[in-house]
Amino acid sequence: MAPRDPVADLRRIAFLLERANEATYRVRAFRSAAATVATTPHEELTARAAAGTLAKLAGIGEVTARCVTESLAGEEPVYLRRLLSTEGTDLPGAAATLRSALRGDCHVHSDWSDGGSPIEEMALAAAEIGHEYFVLTDHSPRLTVAKGLTADRLRRQLDHVAALNEQLPAGFRILTGIEVDILEDGSLDQEDELLARLDVVVGSVHSRLRDDAARMTRRMVTAIANPHLDVLGHMTGRKIAAQGAGDAAHRTARTRPPSTFDLEKVLAACVAHDKAVEINSRPDRLDPPKRMLTVAVEAGCRFSIDTDAHAPGQLDWLGNGCERAALCGVPADRLINSWPAERLLEWTASH
Ligand SMILES: [Zn+2]
Ligand SMILES: [Zn+2]
């Protein structure tokens with residue numbers, strides 16, 4: 001049998017594990033093995049596979065060594081075959097139509113903040129699943145637990161992204177952005193000059209989520225009125241028990257109710273200032289809840305179906321958001337990420 005590409009097989013396994021919401025540390029074994037294999041000469045790999053010494057290479061363990069050996073022998077790795085056999089079913093009709101309308105993702109993290117993978121790996125995975133772009137939205141300074149980027153680090157990231165964009169596959173580009181914290185007074189947690197330079201700004205509430213409704217409403221409406229903000233991220237901040245995210249007790253411990261605010265006022269502000277409401281596809285968020293999403297459709301809001309991906313495989317979570325959007329009657333022409341990048345940038349510059 002002709003040998004397979006072990007790097008591609010290891011990366012595919014990592015992607016499928018991430019998509020199944022496995023913890024990043026579990027997936028790391030496959031990504032670091034892929035990196036090692038990619039930089040090891042083919043002759044050395046085959047010699048080591050024959051001698052059973054692959055696991056002596058840094059970054060390769062027993063499980064990943066077996067995958068590489070199988071790939072080199074031209075067999076689909078057993079580990080990969082098992083994952084492929086449990087892959088999800090296709091999206092139902094209306095959701096599939098919305099999914100095929102999407103050209104990109106406006107909420108993506110890298111290892112510059114709390115993501116698990118370098119920007120380049122996220123970009124290559126996005127290009128592979130057919131995206132034309134994603135917006136890189138790492139966290140802002142106040143979110144220290146998530147390694148939020150200071151103004152200086154964000155400036156460095158912008159230079160890095162500009163260089164990366166020169167090397168990426170044709171037809172794909174990284175748009176610059178931020179997931180900026182909406183502070184208690186409704187201001188945004190980054191320098192104005194930088195926010196103005198970014199292609200797309202997602203604003204999210206990450207602190208004092210239990211504040212009373214009046215205070216939270218004022219905070220959100222102030223942020224929505226800020227010309228820099230383009231997309232209101234995971235509007236309720238709720239956390240729900242997601243499948244695949246550790247054991248049941250762990251999942252329950254990490255849940256959080258939605259915050260309370262005057263929904264109609266917040267949505268009216270989004271419509272008045274022409275800002276988009278995010279439909280967050282993370283299995284542990286699925287935010288906004290469906291009843292609120294239905295109200296937002298009736299209010300006339302625009303939407304962005306985003307993954308909030310922290311690992312490459314999570315970029316494929318858009319289907320979750322599409323299913324909910326279809327159930328709530330979101331029309332495709334109200335999705336800002338169904339637009340080509342140029343139109344998206346015209347829109348963000350327009351308000
Ligand atoms: Zn967030
Ligand atoms: Zn995020």
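Just follow the structure's listing: the first ligand is 1, and inside any ligand the first atom is 1. Only heavy atoms go into these numbers, but all of them, side chains included; no hydrogens, no water, no symmetry mates. A quick note: this is a predicted structure, and the numbers were derived from the prediction, not measured.
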Check your understanding: Closest to the Zn ion (ligand 1), which N/O/S atom of Glu179 is it?
Key ->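 Looking only at N, O and S atoms of Glu179, the one nearest the Zn ion (ligand 1) is named OE2.
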
Review point. For the ring pair His351 and His228, is the centre-to-centre distance below 6.0 Å?
Key: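 Judged by ring-centre distance (under 6.0 Å), His351 and His228 do not meet the cut-off.
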
Check your understanding: Can we call the ring centroids of Phe30 and Tyr79 under 6.0 Å apart?
Key ->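 Ring centroids of Phe30 and Tyr79 are less than 6.0 Å from each other.
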
**Study point:** Parallel, tilted or perpendicular, as decided by the 30° and 60° cut-offs, for the rings of Phe172 and Phe134
**Key:**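 The rings of Phe134 and Phe172 stand perpendicular, inter-plane angle above 60°.
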
Check your understanding: Roughly, to 10 degrees, what angle do His109 atom NE2 and His107 atom NE2 form around the Zn ion (ligand 2)?
Key ->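 Centred on the Zn ion (ligand 2), the NE2/NE2 angle is 100° (to 10°).
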
Practice item. Would you check if there is a donor-acceptor pair between the side chains of Glu179 and Ser204 at a distance under 3.5 Å? Key: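 Looking only at side-chain atoms, Glu179 and Ser204 do form a donor-acceptor pair, the distance falling under 3.5 Å.
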
Review point. In Asp308, which N, O or S atom comes closest to the Zn ion (ligand 2)?
Key: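 This turns out to be OD1.
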
Point to revise | Under 2.8 Å: N/O/S of His234 next to the Zn ion (ligand 2) | key: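 No - counting backbone and side chain alike, His234 has no N, O or S atom under 2.8 Å.
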
